[in-house]
Each structure stands twice: as structure tokens, then as C-alpha cells.
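A, B, ... follow the sequence lines: proteins, then strands. Residue 1 opens every chain.
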Protein chains: 4
Amino acid sequence: MADRKPVFLVIGAGAGIGGHVAKRFAEGGYHAVLARRSDEAGLQKLVDQIGDAGGEASGRLLDAAEDGSIEDLVEQVEGEIGPIHCAMYNLGAQIGNRTLPNTPHKTFELGWRLGTFGLFRLAHVLTPRMVERGTGSLLVTSATAAVRGNSGQHSHAAAMGGRRMLCQTLNAEFAPQGVHVAHVVVDGSVDAPDTLGKLLGDQFEAYKASKGDDGVIDPAALAETYWHLAHQPRNCWTHEVDVRPWTDVPWWNDNPIVAIDRD
Amino acid sequence: MADRKPVFLVIGAGAGIGGHVAKRFAEGGYHAVLARRSDEAGLQKLVDQIGDAGGEASGRLLDAAEDGSIEDLVEQVEGEIGPIHCAMYNLGAQIGNRTLPNTPHKTFELGWRLGTFGLFRLAHVLTPRMVERGTGSLLVTSATAAVRGNSGQHSHAAAMGGRRMLCQTLNAEFAPQGVHVAHVVVDGSVDAPDTLGKLLGDQFEAYKASKGDDGVIDPAALAETYWHLAHQPRNCWTHEVDVRPWTDVPWWNDNPIVAIDRD
Amino acid sequence: MADRKPVFLVIGAGAGIGGHVAKRFAEGGYHAVLARRSDEAGLQKLVDQIGDAGGEASGRLLDAAEDGSIEDLVEQVEGEIGPIHCAMYNLGAQIGNRTLPNTPHKTFELGWRLGTFGLFRLAHVLTPRMVERGTGSLLVTSATAAVRGNSGQHSHAAAMGGRRMLCQTLNAEFAPQGVHVAHVVVDGSVDAPDTLGKLLGDQFEAYKASKGDDGVIDPAALAETYWHLAHQPRNCWTHEVDVRPWTDVPWWNDNPIVAIDRD
Amino acid sequence: MADRKPVFLVIGAGAGIGGHVAKRFAEGGYHAVLARRSDEAGLQKLVDQIGDAGGEASGRLLDAAEDGSIEDLVEQVEGEIGPIHCAMYNLGAQIGNRTLPNTPHKTFELGWRLGTFGLFRLAHVLTPRMVERGTGSLLVTSATAAVRGNSGQHSHAAAMGGRRMLCQTLNAEFAPQGVHVAHVVVDGSVDAPDTLGKLLGDQFEAYKASKGDDGVIDPAALAETYWHLAHQPRNCWTHEVDVRPWTDVPWWNDNPIVAIDRD
């Protein structure tokens, strides 16, 4: 099977970042495997779009919070489709702003299971295969909450903070073995109907309009950055990168209106 | 009960940082409640030392990983001893360097339960009481792994990274309500027989000797910094502080021998 | 001269942080040397206040931007008063928000001369003496602009960013030689009539009132943190600490009103 | 002149990063203007290589530390060649490890003039033109010393720390006006004969060999990352990115040999 395509696997393949990065890799000659928890119709639609564009793709439904689910997925994909050259962990755990009293123990634990533990499990089952092949890349979508903890973000920030440190420990162990781990800090809102769209509901369109021209990240544009990261030669690897729309204030800045009473 | 002492509670009260901070608060006029998982004799010894020095202290055994344990402890202490003015979360999850293949799922989960979830549970049960009183402080012992993920530190760094972001979200929600949250980055080895001592075993004394004069953090000295943080007036609160011995290279620096090929 | 007091030198001794830290060190048994650029009457008033309180103090006028000024000051103080045990660099370079077109080259250069170069010059002349004595401490007041660059802060942020990195290089070289370097990130407004007061002019009182109870840093309270840092034993040194009022949003957080569209 | 090419200007165009990024932009359809301080022959060689490859390029000699030099360069290029669509500031100030006593005032000041002030001057003269055109990008090569200050790096780290904060203030002011500012943290050694090569002298080849396969950054590979950054659509801009070879330990990590005594 000399003509077998390299495999790209994304866990968390909605109509936003995950789906668009899958399309980009399919365009680039990969067989894209899209995995998501629910909405089989939506998943099939993404797979068909890739096929209609002349690419190769497969879809899988999985509950990443369930024991063995990620492990089985990787084993099946490697056995039935081929070696995973690039994996992308794109599951979020954003639940909106909740005060601590309104953040139940179970909610906090689920945030960790999807935000941190799932990535650990993916790396646990996949890295030995990549190390044996001496090559591979693991792209991790992350959020502002990985670098600062805002009010109401107890579950999300704890999960993303753990994710970021895990990406560093994975990079420290596996980079010298040929596996590229990259942590993408998405520091702006994304035109993602399945996540931010559901969070904002019928205010989503009005929200996007309020951000002005190019005021929201186009996941197709962001996909180019994932593609670039995955194809940097090993003498020049990036571990962390941030992205946001031109009109967004970066997380480290105050809004311009803020006085200089402390800077 | 005008003469009732304010209460200081430490979860993770060994012979190192936890025990010494308890002694410092007892000297300063608090009733110190020391909680730890095991070694009732060691715990009683710490309580007796405080009593012999003229201070007030109580001891409790608890398994912080067990559901309800921290919640029951806080309820008992507040009911039987008095309002907790200052709580200290001092549980670590350091298991030494383990490659990813040698880090089982259960190990990673336990790291999170002790390193991140336990602090969330303590804050969940305690902050409503402090908010109602309009005052209180939460001191969190943390580690270098909270700010960078080293090779072999998958479990510890993910847990501490989550802990650090959680401290920021807790501070963001509760500081304006009068509760001071402080995150102490202990960036050096501590003369702590119950943790580093057990980790290094019979090499502990040789290790300390190899560090030279004042080459290891004296937990009694570090206790003064915890005391200072807990007593800063609310117009001047510190959220994060780092500490290390004078001879240790801070986590962000290379060892002096390293070439300047990239700086 | 067994009864000679240790010397504390502060460069940038106004009625805010500098003056109050000088008072704290004088109370603690140091001879405080206060240096500032202008307002000899204001300087003498601070010196007299310390004397009236039973402390020892001297005043010096100097233009820190002038070649040789800091060097001469250190030589005179060491020769006429005694060895400087603790020096504090408290000069700011905040000029308010200026767009780049409104930030002349000379303004940017002056920001560097006061914000970065002056500290380098102080360390250059003083550290050899401290190294020879095997002890000493250098406390550096810094600002939010040292860790993030806000709009309009070109001069100030570049100067403070340089200051922060310089504090790290100084610490890396001199900590192992017994000299403690501490960088204090003042991340909130200070009740400092000579700096913020002049910046806000007749709006200063209204501004402070708008911040509510304890809504502005009391420099006398902050002075306790400087005192604590300067007296940590060398086995447990802090390099960086942040401070702000309880009601201020830390620099890394958005204001609570901000949506969670990116966290 | 509908067929006039967009202009790319690089200040600091040696045979390493600067020269290779210029080649990449010339390949991509830009007229590349290469500016450097000396070695007219070396400069002409780079210009000829681009021409031989079918690209357009010009060379300029300038002393960036000299008043007016950068300002004149920008005016000449815009007047004689065309609007600068992308500018790259690639001047370093690395002088190797020097203790503080071995770092003269003049050396520290020169580090600032090249490392921080030159970028300020370039932005000062160029951004008004880019703002008027509503588009443009400014790519800034930076170093590990911008994020942490190592022993012996007083001049370089202070200059790079100022550079990094300046990049943030420039981004905060100009991103909303259509100008993309990107800060590239080069956290590994580069195969750059004109900088690291001169620093290491005849040990350069042995040094590179000691780093193993792909153990040193290939500036041609890094050039792809600069190209990617300069062409991100404005809805998805990166401000900061890090790069290093797969075998290098990232700046935030200890070498694997280091014990876990503090993590």
C-alpha cells in the first residue's frame, strides 16, 4: 500500500476548528478521521463535504469521557485505516461563567475529564506508536483559560491550565523522540456554530455582527496555522502559539479605556 | 466567647511546610488545626509541640481523596472549634519522575484528586462561610510544576497547572468579597522529612549536605512568608510569590554552565 | 563603631512607596538615606518625620539621569554614613498614555534612562561592595507594565520590561554571592501624591474615593512587604511578588463584565 | 505601476535568519530590501542570489545605531521602491556572557540602542504609513532572553525584555488599525554564520556537529514561519510564537538530568 495516505485524526470534530482543520489536512493529502460525541448527521455532512472536494475522510462517534473510548478509537484507526501521522485534540470544556457555588463537583470533574484527562489518554495510547515510527505530531487546541483564570471559569481554567502543563511535559518527553507537540492558545472567539454558537444561542449572529469585519476567527483561516505547525521541520518546531482577531484585545492587555493607574 | 482564638486550618500537615506554618500561626495567636492522611503519632507529636510551646492546636486524620472528607472536616472545625480565619492547602502530588508509559491512568487521576480537586472542594465548602463573614484567607502551597512542565512530571505538572489556574479563578471571584487567595510557588527543595525525605529515602541527608549552607528551604523560614501573606491588609494583597534558596537556580534560568547559544 | 546602624538607601523617595519604606526601615533600626530629584522641602519633611519618630535618616537630591550621579551617591553614603545593607530602586517612568506618534524619541530614551539604565548603574556600583561583604539586598519597585504592554505605554512598558529582565540577570549572578534581588510588581494604584497624584492632578481625591474602602494601596502597608522581603533568610528568598488592592482586577484577568467568548 | 511588487524590508540581513526570510519573501513575490551594517560584499552576494533565483532585491548598508539612519532608509525605500508591506526587525544585541563588572555602561546602552530603541524608531517612522494604508505587518525576531534573564545576559536580556514589551504595546495600538505585529522567540541556536558563527568562531562547525541531526535551526525552515505569520488573515493573527530544534530543551524546562527536588 505504497499509496496509502497518511492519517490525520481529530477528536472534537465539530463545524468549527476541528472540522476545518480536518478539511485542510484532507486537502493536503491526508485521510482525515473525524471523531465527535454526537450528531451523526452533522458528522456525516463534514465527511461528505471532504469527499465531495476530492478528499478522503471517515467519521466516528465517541464519548471521550468514557473509559476505553479514545484507546479503542486509536487502535481501530491504526488497524483499519493506517498509522496516525498527526493527531489533534480539540475537545473543550467551556460551560460559560459559573460562580463557585454554581459549579457542582461533577461539573468540575467533567471539565477535567474532557479538558485534561482525555488528552493524557490520547497521548498515552498514541505516543508509543509515534515513538516507534520516530515521527508524528500532536496538535492541541487550547484557550485563554490555559494561561489565566478569569472569574467564573473555575472548571474550564483548571482543566485548561492542566492541559497546558501536560502539553509541556509531553513535549519534554517526546520531542527528542521525534514527536512534535504544539499548544494553540485560541485567544478570541471562533465562528464555531457547535460550541460558541450553542453557548450564545440565538444571540450568536448578533454577537458576530457586533464584532465587525473579520472580528471573529474564521476556523478555515486558523486551520492554516495548524497545518503550518504540523509541517515545520524538526529543526524548527513551535510549541506554543496564540491567535485572535485584529480587533480583539489580547488577554494580557486591558481594554484601551482603562486608566494607566497601575501600568 | 470574646476570647476565642481565630482558627487556622492546614490540610497536609507533615513535619515540613504544613507543620511549621501551623506552629507559626499558633505562636501568632491562632488555634491551629492540623490535618493529614496518616501517621497519627507524627500528627500528635506536632500538636504536642505546639501545646508545649504555649499554643493551641488540634489534630485530625483525613483522606482528602475521599468524598466528603474535606467537607466534613470544615464543618466539624467550624462547629466544634470556631470560624476558620485562614485555611492552607498543602497537599502535594509529587511522585517523582515517571515516563508517560510508566504513569498509569489511576496515578494521573490521583494526582488531580489531591492536587486540584481537593483544593476545589475545600474552596467550595469554605468560601461561602468566609464570604458571609466578609473576611478570610486561603493559602495554597504550590510548586515549580505549576508554571512549567518538566520531563517525567505528567501527573504532577497537570495537577499543579490546574491548581494555579484555579487559584486565579478563586481570587477573581472572592477577593472582591474579602477573601484573600495566595499561591506560593515553592521553587526549591524543602527540608521536609515526610515528603522529599521519603522520596529520596536514605539519600536525603547526603542530598541536603550536597546543597551546602542554607541550600535547602527551612520550612520554619518559609512559614514567615505564609504568615506575612495572611496578614497583608486588603488594600495590598499578594496573589503569587516564589521562594527558593539563594544557591538554587530559579526555574526560568539555565544552569550557569549552559552556553548562550540561544539567549 | 559597634553601634553603627545598617544603612538603607532608596532612590526615588517621594511621599509614596519610597518614603514609607524608608520610614519602615528606620523604625526597624536602619539609617535611612532618602534620595530624590527635586523638592528639597518635601525631602527634608520626610527626613524630619523619621527623626521625630526616633529614627535616623538623611536626605540627598540627585538627578538619576545624570552621569555619575548614582555612582557618587553610593560612594558618599558608604563613605560618610556606612555600608549599604539594603538598597531600593524606586524610580518610575510613567508618563501616562501616549500614542506612538505622541511619544518622541527623547521621551522613550528618558524612560529607559530612569526605568532600566539607572537600575543597571546602581547595581554596577553597589553589587561589588555587597559581594565583598557577602550580603546585601536590592529591592526594585516595578509595575504591571513590566509583565504586559498596554496601549499607550510604549516608553513605560519597554523600560519596565527591560527592568524585569535585568532583575532576573542580576539575581542569577548575585544571589549565589549572597545578594538578594527582589522585583515587586505593583499591580494597582498607590496613594502616592508625588506620582499618581501629580498624574491625576485635582482628580486624585475623587479617583481615590471612587475606588471605595481600601481601594488604593496604602504605601505604609506595602512597606511591610518590602521589609519582609529584605529580611527573608537566604535559604528562602523571593524574587518576584505582586500586590494590588482586594477590589482591583489583577492584570491577567478581564473585568468581570467581559463575556466568556474566548476563555 | 499596477505590476509593482509589494516591498519587504529587513533590518539585520545577514546570512542567517534575515537573509533567508528575505529570500522567502522574494520567492513569494515581494521586492526584498536587505539592510545591514557592514560587509557590502556579503550583502551584494545575498542580493545576487535572490536575483539569480528570479526574484527582486536591493541592498542597503546602514548603522541602525546612528540617528536618522532607519528613518532615512524607510523614506528612501518607500520613495524609490514602493510601499513597505512587511518589515522585519532582525537586529540582535547578543555579546555573549559577561558578568556585570565586565559589562560597561556603553555596552549596556548599545544593547538597548540596537535591541529596543531601533525597533521603536522603525515603528515610529513606518507605522503611520501602514496605518494610512490600513494594512502592513511588522515581524520582530527575538530571543529567549526576552522571556527570562540568564546569568551573564544583563545587556541582552534587558534589551530583549524591553523589545518584547514594546512589541505588545505596538500590537495593542496598531493591530486595531490593521497592522500585524509578531514577536518570534527564537529559543534555539540558528545556523547563522554572521552571528552565532562569529560568536563561536572556529568552534562553530564542531558545535553544530555536537547538536546532531537537525540539532540547529535552519534559517530557511524558520523563514517559512515568518512567511506564515505575515500572511495570516486579520481575523486570525498570532502575536507570539516560539521555535527551537526538536532536540533542544525549551527554555522553561530543566535538563532531563535535573532531579525533581522542586517540581
Side-chain angles (χ1 to χ4, degrees), chain C residues 67-68 71 97-105 107-109 111-113 115-117 119-121 123-128 131 143-177 179 181 183 239, chain D residues 67-68 71 97-105 107-109 111-113 115-117 119-121 123-128 131 143-177 179 181 183 239:
Chain C
D67 287 346
E71 294 74 9
N97 280 328
R98 306 271 188 95
T99 62
L100 186 64
N102 291 321
T103 307
H105 287 198
T107 300
F108 190 82
E109 178 164 353
W112 170 77
R113 289 204 176 281
T116 312
F117 191 49
L119 173 60
F120 171 81
R121 287 168 51 207
H124 212 286
V125 63
L126 183 57
T127 51
V131 167
T144 314
V147 285
R148 68 90 185 271
N150 256 359
S151 182
Q153 293 290 303
H154 305 293
S155 168
H156 190 229
M160 290 295 139
R163 175 181 290 193
R164 183 172 182 251
M165 285 299 104
L166 179 58
C167 285
Q168 289 191 8
T169 60
L170 292 172
N171 176 72
E173 180 168 336
F174 296 108
Q177 301 185 71
V179 180
V181 180
H183 181 255
H239 177 67
Chain D
D67 287 346
E71 294 74 10
N97 280 329
R98 307 272 188 95
T99 61
L100 186 64
N102 291 321
T103 307
H105 287 200
T107 301
F108 189 83
E109 178 163 355
W112 170 77
R113 288 204 176 280
T116 312
F117 191 50
L119 173 61
F120 171 82
R121 287 168 51 208
H124 213 285
V125 63
L126 184 57
T127 52
V131 167
T144 315
V147 284
R148 66 91 183 270
N150 255 359
S151 182
Q153 292 290 302
H154 305 292
S155 169
H156 189 230
M160 292 295 140
R163 175 180 290 194
R164 182 171 183 250
M165 284 301 103
L166 179 59
C167 285
Q168 289 191 7
T169 60
L170 292 172
N171 176 72
E173 180 168 335
F174 296 108
Q177 300 184 71
V179 180
V181 179
H183 181 254
H239 177 66

J.: Quick check for you: among Met160(C), Arg164(C), Arg113(C), Arg163(C), which has the greatest number of heavy-atom pairs under 4.5 Å with chain D?
T.: Arg113(C)
J.: Out of Ala157(D), Ala159(D), Gly162(D), return the one with the most heavy atom pairs under 4.5 angstrom to chain C.
T.: Gly162(D)
J.: Angle between ring planes, His124(D) versus His105(C), binned at 30° and 60°: parallel, tilted or perpendicular?
T.: perpendicular
J.: Between CD of Glu173(C) and OG1 of Thr103(D), what distance do you get to the nearest 0.5 Å?
T.: 7.5 Å
J.: List the atom of Ala158(D), the atom of Leu166(C), and the distance in Å for their closest heavy-atom pair.
T.: CB-CB, 4.4 Å
J.: Would you name the heavy atoms of Gln168(C) and Arg148(D) that are closest together and state the gap between them?
T.: OE1-CA, 3.2 Å
J.: Can you name the closest pair of heavy atoms from Thr169(D) and Asn150(C) and give their distance?
T.: CG2-O, 3.2 Å
J.: At a 4.5 Å cut-off on heavy atoms, which part of Pro104(D) comes close to chain C: side chain, backbone, both, or neither?
T.: backbone
J.: With only heavy atoms counted, which part of Pro101(D) is less than 4.5 Å from chain C, the side chain, the backbone, both or neither?
T.: both
J.: Quick one: closest heavy-atom pair of Ser151(C) and Ala172(D), and the distance?
T.: N-CB, 3.6 Å
J.: Distance check, rounded to the nearest 0.5 Å: Leu119(C) atom CG versus His154(D) atom NE2?
T.: 11.0 Å
J.: If I measure from the heavy atoms of chain C, does Ala145(D) come under 4.5 Å with its side chain, its backbone, both, or neither?
T.: backbone
